[in-house]
Amino acid sequence: MSATSLEELPQTSVGPSKEPVVPKTTRAPKTTTTVIDNSDVDTDTETKEQIKATQYDFDHNTYNIKTTIGQICLVLTAILANSSLLKILVRRRLDYGTGQDYYELLVTLLATSLIFLTSVAVLLFVMVRLNIKRQKARVFANVVASVVLLVLFIITVLNIFIAAYSGHYTSPSST
């Protein structure tokens, strides 16, 4: 038997060595897959998890901005409708002298509705500027959203009264 050192002996997983020897294997060639944007991506497990994370990543801030802009557009249409009705009401009063039975009430309701609608539009513009990824901004956005909902309910009640009292117009000369 020849004298050999321990370093020259092949190490096995059961031998006197502290660390087991892992046999070397050749790595399989990398395969590529096509993602939505047609870029080549390695299909390692980390990359697959990254692809899943980017495909299903939902940006709440962008969603909030888009829905708030939609609400602003709806508020602007309500402002235009109420101002148009106010203009018709004032014009009829100027043209026919006497006007409608509930003229003062309708002007008051329309003016109040327009003030509330303008305040809602301003609050919605404030909400668009918020970054809801931060906790403080998220709490403030929830408060503003609650105030907007309450004011929109009041506007709806005002517009129901406006529609109920405006009625059908007939010119005094046609009677």
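The model shown is predicted, which means the values in this text are computed figures rather than measured ones. Position 1 is the first residue of the sequence; numbering continues from there.
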Seminar exercise, completed: T112 meets the side-chain contact (heavy atoms from CB on, under 4.5 Å) criterion, sequence neighbours left out, with T108, F116, L158

Problem set entry | Least distance between heavy atoms, H60 atom then I132 atom | O-CD1, 3.5 Å

For this session: Spell out, as yes or no, whether a donor-acceptor pair under 3.5 Å connects the side chain of T156 to the backbone of L152.
Result: yes

For this session: Would you kindly confirm whether V120 and I69 end up in one hydrophobic cluster when ILVMFWY residues are joined by side chain heavy atoms under 4.5 Å apart?
Result: yes

Problem set entry | All side-chain contact (heavy atoms from CB on, under 4.5 Å) counterparts of I79, not counting sequence neighbours | V75, L76, L114, L117, T118

Seminar exercise, completed: Applied to residues 113-123, the salt bridge (charged side-chain N to carboxylate O under 4.0 Å, His left out) test, sequence neighbours excluded, yields none

For this session: Can you measure from NZ (K136) to CG (N131) and round to the nearest 0.5 angstrom?
Result: 14.0 Å

Exercise. Do you know which two heavy atoms are closest between N159 and S113, and how far apart they sit?
Worked result: OD1-OG, 3.2 Å

For this session: Report whether I162 and L80 are members of the same hydrophobic cluster (ILVMFWY, side-chain heavy atoms less than 4.5 Å apart, transitive linking).
Result: no

Exercise. Under the side-chain contact (heavy atoms from CB on, under 4.5 Å) test, which residues partner V107, sequence neighbours left out?
Worked result: L86, L89, Y103

For this session: May I have the step-by-step check of side-chain contact (heavy atoms from CB on, under 4.5 Å) for M127 and L123, ending in yes or no?
Result: CA-CA 6 Å; M127 278 184 63; L123 287 173; 5.9 Å; no

Kindly list each side-chain donor-acceptor pair under 3.5 angstrom involving residues 143-150, sequence neighbours excluded, with atom names and distances?
from : atom 1 : to   : atom 2 : distance (Å)
S146 : OG     : N142 : O      : 3.0

For this session: May I ask you to decide if L110's main-chain N or O and N82's side chain share a donor-acceptor pair within less than 3.5 Å?
Result: no

For this session: Report the residues that fulfil salt bridge (Lys or Arg N to Asp or Glu O under 4.0 Å) with K87, sequence neighbours left out, ordered by chain and then residue number.
Result: none

Problem set entry | Hydrophobic cluster identity match, V122 and I65, side-chain contacts under 4.5 Å | no

Exercise. Which distance, rounded to the nearest 0.5 Å, do you find between the CG of L130 and the CZ of R138?
Worked result: 11.5 Å

Exercise. Any chain of hydrophobic side-chain contacts (each under 4.5 Å) joining I72 to V126?
Worked result: yes

Problem set entry | F153 with I115, same ILVMFWY side-chain cluster at under 4.5 Å | no

Exercise. Which value, rounded to the nearest 0.5 Å, describes the distance between T68 atom OG1 and F125 atom CZ?
Worked result: 11.0 Å

